[in-house]
Engineer: 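Sharing a structure below in structure tokens format, with a few things to ask.
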Amino acid sequence: SAVISQKPSRDICQRGTSLTIQCQVDSQVTMMFWYRQQPGQSLTLIATANQGSEATYESGFVIDKFPISRPNLTFSTLTVSNLSPEDSSIYLCSANPGQGNEKLFFGSGTQLSVL
Amino acid sequence: QKEVEQDPGPLSVPEGAIVSLNCTYSNSAFQYFMWYRQYSRKGPELLMYTYSSGNKEDGRFTAQVDKSSKYISLFIRDSQPSDSATYLCAMSAAQAGTALIFGKGTTLSVSS
């Protein structure tokens, strides 16, 4: 298994600003994933972050809006830029301690509210 | 048609009841099937993991996969108030690195 620490746990931000979410894993992992969880909706994958390469974004998500850093094998950040009320959601970091991503472990999430 | 369908509920049962949670899917490439439990204001917690078809049991929890029907189930025996949470099914294709696809989650409430 993997223990994933995510912060902040919640934040309230003004429109037009940015929020950076940090994710720390207690072991080295190849792949880290960022998900968004909107009320009443499925978890939606934003991007996959591999150490040493640029993140791979899913359809509907772009790097300018959701820049991701992955400086080492235990840490990643997600920035949500130019915030609007539509960005209000829970953002979740996840990682797989083994090969592939079949068994994903999650952080506790960041509840973002944009005013 | 969405790739993964899951009835959001809510589902309310008395303590001690047997709970059945289900998901259907459309992508025959899915090989890995998971159930996550998510408490309010917490991240999803991996509950059960199954590869391909069959049953898997862990304590009061049983996961079933029927690939021919593209249908997965999670059974909870002797349900407890502490089981009150949202249960998310998730699945992935065989190739490593493919994304997990989640259902919307079913909210379960177990009353004492």
Engineer: Atom OG of A:Ser42 and atom CG of B:Leu88: how far apart are they, to the nearest 0.5 Å?
Structural biologist: 8.0 Å
Engineer: Among A:Phe106, A:Phe105, A:Tyr35, which one satisfies side-chain contact (heavy atoms from CB on, under 4.5 Å) with B:Pro44?
Structural biologist: A:Phe106
Engineer: Output, in order, the C-alpha distance, side-chain angles, deciding distance and verdict of side chain to side chain contact (heavy atoms under 4.5 Å, CB included) for A:Gln111 and B:Arg41.
Structural biologist: CA-CA 8 Å; A:Gln111 173 76 63; B:Arg41 301 182 189 277; 5.6 Å; no
Engineer: For the atom pair OH (B:Tyr39) and OG (A:Ser108), what is the distance rounded to the nearest 0.5 Å?
Structural biologist: 15.5 Å
Engineer: In terms of hydrophobic clustering (I, L, V, M, F, W, Y; side-chain heavy atoms under 4.5 Å; direct or indirect links), are A:Tyr91 and B:Phe102 co-clustered?
Structural biologist: no
Engineer: So which of B:Pro8, B:Ala90, B:Gly103 has the largest heavy-atom pair count under 4.5 angstrom toward chain A?
Structural biologist: B:Gly103
Engineer: How far does NZ of B:Lys42 sit from OG of A:Ser9, to the nearest 0.5 angstrom?
Structural biologist: 9.0 Å
Engineer: Answer with yes or no whether the hydrophobic clustering places A:Ile21 together with A:Ile68; edges join I, L, V, M, F, W, Y residues whose side-chain heavy atoms lie under 4.5 Å apart.
Structural biologist: yes
Engineer: Please report the C-alpha distance between B:Leu46 and A:Leu104 in whole Å, then the side-chain angles of each, then the deciding distance to 0.1 Å, and finally whether the side chain to side chain contact (heavy atoms under 4.5 Å, CB included) criterion is met.
Structural biologist: CA-CA 7 Å; B:Leu46 183 62; A:Leu104 270 189; over 6 Å; no
Engineer: Check whether A:Gln6 gets within reach of chain B through its side chain, its backbone, both or neither, counting any heavy atom under 4.5 Å.
Structural biologist: neither
Engineer: For B:Gln6, is it the side chain, the backbone, both, or neither that has a heavy atom closer than 4.5 Å to a heavy atom of chain A?
Structural biologist: neither
Engineer: So what's closer than 4.5 Å to chain A heavy atoms on B:Ile101: side chain, backbone, both or neither?
Structural biologist: neither
Engineer: Picking from B:Gln38, B:Glu45, B:Met91, which has the most non-hydrogen pairs under 4.5 angstrom with chain A?
Structural biologist: B:Gln38
Engineer: Is the number of heavy atoms from other residues, nucleotides or ligands within 6.0 Å of CD (A:Glu54) greater than 12?
Structural biologist: no
Engineer: Using the rule that two of Ile, Leu, Val, Met, Phe, Trp, Tyr join whenever any of their side-chain heavy atoms come within less than 4.5 Å, decide whether B:Val19 and B:Leu47 are in one cluster.
Structural biologist: yes
Engineer: Quick one: do A:Leu92 and A:Leu78 end up in the same hydrophobic cluster if we chain Ile, Leu, Val, Met, Phe, Trp and Tyr together by side-chain heavy atoms under 4.5 Å apart?
Structural biologist: no
Engineer: Out of curiosity, does B:Trp35 fall in the hydrophobic cluster containing B:Phe75 (side-chain heavy atoms, cut-off under 4.5 Å, transitive links)?
Structural biologist: no
